[in-house]
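First the proteins, then the strands, lettered A, B, ... as listed; each starts at 1.
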2 protein chains.
Amino acid sequence: MALSPVAPKAFIHHQNLVEQVAGYLTQAIIQQHFLPGERLSEVQLSRDLGVSRAPVREAARLLESRGLLISKPRRGFFVRALNAVELEDVFDLRLCLERHAIQRLTERYSVEAQRALEQQVEILCEAALGNDETRRIEEDLQFHRLMLHYAGNERLLKAFDGLTHELRLCIALITKTHDAPDTIATSHFKLLEALASGSPAACREAIDYHIGVARKFVVRGGGEPKELGSQESKR
Amino acid sequence: MALSPVAPKAFIHHQNLVEQVAGYLTQAIIQQHFLPGERLSEVQLSRDLGVSRAPVREAARLLESRGLLISKPRRGFFVRALNAVELEDVFDLRLCLERHAIQRLTERYSVEAQRALEQQVEILCEAALGNDETRRIEEDLQFHRLMLHYAGNERLLKAFDGLTHELRLCIALITKTHDAPDTIATSHFKLLEALASGSPAACREAIDYHIGVARKFVVRGGGEPKELGSQESKR
DNA sequence: CGACTGCCGACTGTCGACAGCTTTAAAAAC
DNA sequence: GTTTTTAAAGCTGTCGACAGTCGGCAGTCG
């Protein structure tokens with residue numbers, strides 16, 4: 001395992017060590033400082049971060065439940081490596097959740113929801129113009145979180161949040177998507193239009209198209225066709 | 001290097017303490033030995049179970065990710081108390097997942113899948129005749145897990161598994177459902193028929209009906225209309 | 001030259017302990 | 001008798017340590 005990726009101690013200012021470690025690990029994994037399949041040493045991590053092993057272990061379990069790490073008994077934690085099939089499955093599940101959400105949303109589309117979504121699209125467009133890829137992704141996800149929220153089922157939103165961690169991983173695994181800003185904008189405007197029309201069929205078509213585009217980006221964007229991440233650490 | 005010819009692993013209890021504690025806690029919560037909203041003391045648990053606090057903490061975090069416990073910083077872990085809205089949300093999400101699954105299943109319905117599902121319904125019917133309520137529920141869930149499995153998206157199945165923990169909680173919260181065995185049987189046979197017909201519309205109708213029945217059972221079965229579990233522990 | 005065996009280092013699983021925060025309970029003041 | 005103050009008890013968050021286990025390496029035997 002590589003030594004500390006980036007000035008780790010700066011991340012820790014005492015309030016809740018578990019969440020801080022989890023946040024640090026999440027960032028490090030998404031930014032590929034830890035490679036897929038790589039083994040994480042609890043001792044090394046605790047040394048690097050200047051904390052004991054207990055919070056590191058609990059944080060690792062947290063990330064395991066989020067699908068970013070997998071644990072092998074008596075072997076330790078490894079960075080999750082997604083293959084093409086798993087990647088397809090993630091997007092299929094996302095489609096499942098968002099189809100359901102947008103259908104519910106048509107049944108209870110409020111002025112408040114409409115305003116919030118429109119505002120978020122504006123923020124997203126602004127972010128798309130900038131250079132900060134991470135922020136663009138976060139604002140994009142936030143738009144979808146808002147949709148799920150206004151769909152009026154918090155458990156649905158929670159399920160989506162469970163997916164977002166893996167989605168970030170998917171997006172991180174492929175190299176920069178550098179899709180055009182106007183593509184992003186129109187893609188989301190279509191969703192707004194469909195919602196405004198109030199037609200379930202139009203909404204479904206819009207969300208299918210929307211996610212289909214994202215999926216295609218990810219699936220064809222990666223390097224290796226079969227395995228997006230290397231597997232076993234070969235020490 | 002095959003060791004002894006039959007199941008050597010069965011003799012070796014390689015289950016670590018975390019999983020054992022998690023299993024014990026899950027059982028205790030579902031069987032209402034810990035009431036909803038009740039606070040769980042790490043110290044007390046570790047004393048009772050004869051283990052240290054570390055595995056108890058990690059097990060608690062595991063159950064938190066499964067939605068059986070919730071943690072309040074510096075306060076500890078509490079048994080999750082579901083209110084009516086959350087309960088509706090759980091069943092709505094279940095509907096979302098199973099609709100998607102059964103639609104996928106119609107596209108790839110194999111002889112193997114059909115056989116497995118039919119066999120499971122038989123097992124379920126047999127279980128429904130007995131007195132073991134727990135086993136009946138488990139076999140019922142297993143049928144649905146099989147459906148999800150043969151739908152060909154493991155991530156979808158994983159999402160469902162995440163729900164099953166909460167489903168068991170829902171079912172545990174209401175008093176005995178004591179629904180007639182033949183009701184269970186016909187309800188599942190209808191699903192098999194719809195799948196055999198290969199019609200997506202019929203499948204969707206069947207699954208909507210199926211889950212609708214279960215939902216109605218849970219929603220009307222409970223005692224209090226608003227809060228199914230008591231809230232704050234009052235010691 | 002290849003395969004097996006025993007040893008060694010590293011690491012995980014688990015434990016007991018300490019510090020700081022929460023809550024409870026008693027004591028004091030009104 | 002009620003309210004405020006204060007002390008104590010219990011708890012969680014975190015830490016360092018120990019023991020059992022796993023993977024690798026060298027030495028040995030065929």
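Salt bridge absent: B:K158 and A:D89 never bring a charged side-chain N and a carboxylate O closer than 4.0 Å. A salt bridge is absent between A:R115 and A:E118: the closest approach of a Lys/Arg side-chain nitrogen to an acidic carboxylate oxygen does not fall below 4.0 angstrom.
Looking at residues two or more places apart in sequence or on another chain, you find a salt bridge (Lys or Arg N to Asp or Glu O under 4.0 Å) between A:E166 and A:R80, B:R155. With sequence neighbours left out, the salt bridge (Lys or Arg N to Asp or Glu O under 4.0 Å) criterion links B:E64 to B:R61. Judged as a salt bridge (Lys or Arg N to Asp or Glu O under 4.0 Å), and not counting sequence neighbours, the contacts of B:R135 are B:E139.
C:dC11 atom P lies 13 Å from atom CD of A:E38, rounded to whole Å. We find that CG of A:N16 is positioned 15 Å from P of D:dT12, with the value rounded to whole Å. Going from atom CZ of B:R74 over to atom C1' of D:dT12 covers 6 Å, rounded to whole Å. We find that CG of B:L17 is positioned 15 Å from C1' of D:dT21, with the value rounded to whole Å. Between the CZ atom of B:F77 and the C1' atom of C:dT22 there is a distance of 17 Å, rounded to whole Å.
Distances from the side chain of B:R39 to the nucleotides C:dT14, D:dC11, D:dG13 place D:dC11 closest.
Residues from residues 41-51 of chain B with heavy atoms under 4.0 angstrom of DNA chain D, sorted by number: B:S41, B:E42, B:V43. Contacts of residues 53-65 of chain B with DNA chain C (heavy atom under 4.0 Å): B:R53, B:A54, B:P55.
With a 4.5 Å cut-off on side-chain heavy atoms, A:V43 and A:V56 do not count as touching.
Pairs of residues two or more places apart, or lying in two chains, that qualify as ring pair (Phe, Tyr, Trp, His ring centres under 6.0 Å) and include a residue from residues 143-163 of chain B are B:F143-B:H188, B:H144-B:H188, B:H144-B:H210.
Contact check, B:R75 against D:dT12: no side-chain N or O comes under 4.0 Å of OP1 or OP2. Considering only side-chain N and O atoms, B:S52 lies under 4.0 angstrom from the phosphate OP1 or OP2 of C:dC15.
Closest heavy-atom contact between A:H165 and A:L68: O-CD2, 3.6 Å.
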